[in-house]
Amino acid sequence: MSTVLESTCCSEIESSPAIRSANPVVSFDEARTLAEKFGSPTLVISRSAVIRNYQLLRDGLPGVEMFYAAKANPAQQILRPLCEAGSSVDVCSYGELLAALEAGFAPENMLHTHPCKTISNLTKCYAEGVRWFVYDNAHEVDKMAEHAPDANLILRLAVTSSSSHINLSAKFGAFEADAVPLLLKARQAGMNVRGMSFHVGSQCRRPEDFEPALRQARRVWDAAAEVGIELEVLDVGGGFPAPYRDDAVLTLDVYCQALARALDVTFGDLPIRIIAEPGRGVCADTATLITKVLGKSVRNGTTWYIIDDGLYGSFSGQVFDHVEYPIMAEDAERRGLGPCVVAGPTCDSSDVVCRNQLLPDLEIGELLLVPTMGAYTSASASTFNGLDLARVVGIE
Ligand SMILES: *Cc1c(COP(=O)(O)O)cnc(C)c1O
C-alpha cells in the first residue's frame with residue numbers, strides 16, 4: 001500500500017471501554033485438529049465473524065450501501081458469505097471481478113474503484129457488465145469516453161487524514177482545486193458524472209477524521225452544483241481499523257456512530273445515495289494464521305525460531321501494510337516469557353517476523369496462532385523461494 005504516516009498514539013483510545021484487541025478465531029485445540037487435517041501454515045477464516053462485521057457496519061450505518069473492498073482479501077471464504085448477506089463489492093481489476101463473480105456477485109452490484117485503469121482492465125470489466133467506475137484525472141476521462149461511453153463516473157477526491165496509518169490519498173485522488181474542472185471535463189466528454197468518493201486512509205485511528213473529509217466533499221459537491229452538475233452518489237470509502245499487536249482500536253460501533261453523525265451534519269439535507277467501501281474493517285479480524293515452529297537455534301546468545309510462514313507469505317502485511325501481528329503460544333504466561341527472534345521459512349535474512357516479542361521456550365513442531373490475519377496478508381503473499389502459500393480454510 002502507500003505512504004505510512006507517523007504513528008499517532010491516542011490516549012483516549014487506550015482509556016476507552018469501547019476498544020477491541022486482537023483475538024484468534026480458533027482455540028489451540030481446534031488449531032491442532034485443523035493442522036492435522038490441512039497441514040501448516042493454514043489461514044483459518046471464520047464465516048460467522050465475516051457476517052458479524054458486515055452486519056455491524058450495515059446496521060450501524062443505516063441507509064449506507066456496503067461495497068466490500070475485495071483488495072483487502074479476495075478469498076471465496078470472505079466473498080461468499082458477504083454476497084449471501086446482501087453486500088455489494090468494490091473491485092479494482094479483472095482478477096478481483098472474476099473472484100467476485102465466482103462468489104455470486106452480479107456485475108450490477110460491483111463498483112470499479114481503480115482511478116487509473118489499463119485499457120484491458122477497463123474493457124474486460126465493462127464487457128462483464130460493470131457500469132460504475134472511478135476516475136481522478138483527465139486522461140482517464142478520455143479512456144473511459146472511448147471504451148466505456150455509457151459508464152457512470154465517480155470522481156475520487158484526495159483528502160488529508162491525520163490519524164490513518166496508511167495514506168490512500170498519496171497516490172490517488174483529485175485535489176479540491178481540480179475537482180470541478182474534472183467533473184466538467186467528464187461532462188464535456190459526454191460521460192455521466194454521478195458522484196464523488198474519498199478514502200480517509202486505511203487503519204484510521206480517529207473516528208472524528210471522517211467529518212473534515214466529508215466537509216471537503218461537501219464543498220466540492222456544492223461547487224459542482226453551481227456549475228450545473230447535480231451529483232447523486234457519495235462514496236465514503238473505507239478506513240475502519242482492526243486491532244493488531246500493541247494497537248487496540250475503537251469498536252466498529254464507535255466508528256459507525258461518528259460517521260453517521262458526520263454524514264448527518266454534512267450531507268443530511270440532501271436526498272443522496274451513500275455508499276461505503278470497507279475492506280480491513282470487514283475481514284481483518286475474521287482470520288487467524290496457524291503456523292508451526294520448524295527450527296530453533298541460539299545465535300549470539302539469542303534464541304531464534306524459524307516458523308513455516310513469513311514476510312514473503314501471510315506476514316507480507318508487515319512489509320506492505322506496515323502492521324505488526326501478535327504471535328500467540330499456548331499457555332504462554334504460565335510457561336514464562338523471554339526475548340527471542342521469530343523468522344520466516346525463506347533463505348532471505350530479512351525474512352524476520354519479529355525481534356521484540358516475548359515468548360515462552362518453544363518446541364519444534366509446536367503450533368502458534370496469529371490473529372487479525374485477514375486483511376492485506378494472503379492477498380499480498382508470494383511463493384518466493386518455491387514455498388507454498390498458506391492454505392485458506394473456512395470455518396463456521
Ligand atoms: C483499499 C481501498 C479500500 C479499502 O480500505 P480499508 O481501509 O481496507 O477499509 C476502499 N476503497 C478504495 C478505493 C481502496 O483503495
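Every number for a ligand or one of its atoms is a count from 1 in the order of the listing.
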Q | Closest to atom 12 (C) of ligand 1 (judged by heavy-atom distance), picking from Glu277, His114, Lys171 | A | Glu277
Q. Which residue from His199, Arg280, His112, Arg156 reaches closest to atom 5 (O) of ligand 1 through any of its heavy atoms?
A. His199
Q. Going by atom types only, do Tyr126 and Asp150 share a side-chain donor-acceptor pair under 3.5 Å?
A. yes
Q: Would you please say whether a donor-acceptor pair under 3.5 Å links the side chains of Asp309 and Thr291?
A: no
Under 4.0 Å to a heavy atom of [X] - the qualifying atoms of ligand 1, by number:
| X | result |
| --- | --- |
| Gly279 | 4 (C), 6 (P), 8 (O), 9 (O) |
| Pro278 | 9 (O) |
| Gly238 | 9 (O) |
| Gly239 | 6 (P), 7 (O), 9 (O) |
| Ala69 | 3 (C), 4 (C), 10 (C) |

Are any of the N/O atoms in [X] less than 3.5 Å from those in ligand 1?
| X | answer |
| --- | --- |
| Ser202 | yes |
| Thr113 | no |
| Gly237 | no |
| Ala72 | no |

Q | OH-CG distance between Tyr244 and Asp285, expressed to the nearest 0.5 angstrom | A | 9.0 Å
Q.
Could you tell me if the side chain of Ile272 sits less than 4.5 Å from the side chain of Phe267, heavy atoms only?
A. yes
Q: For the pair Arg156 and Asp235, find out whether any cationic side-chain nitrogen is under 4.0 Å from an anionic carboxylate oxygen.
A: no
Q) Can a salt bridge be assigned to the pair Lys124 and Glu128 using a cut-off of 4.0 Å between side-chain N and carboxylate O? A) no
Q: Run through Asp348, Leu387, Asn385 and flag the one making a side-chain contact (heavy atoms from CB on, under 4.5 Å) with Tyr312.
A: Asp348
Q.
Set out, in order, the CA-CA distance, both residues' side-chain angles and the distance that settles side chain to side chain contact (heavy atoms under 4.5 Å, CB included) for Lys292 and Leu367, then state yes or no.
A. CA-CA 4 Å; Lys292 187 152 78 179; Leu367 296 182; 4.0 Å; yes
Q) Closer than 4.0 angstrom: is that true for some heavy atom of Gly281 and an atom of ligand 1? A) no
(Q) If we set the cut-off at 4.0 Å for heavy atoms, which region of Val134 has an atom near ligand 1: side chain, backbone, both, or neither? (A) neither
Q: Would you kindly specify which portion of Tyr376 sits under 4.0 Å from ligand 1, judged on non-hydrogen atoms: side chain, backbone, both or neither?
A: side chain
Q) Is the number of heavy atoms from other residues, nucleotides or ligands within 6.0 Å of CG (Asp388) greater than 12? A) no
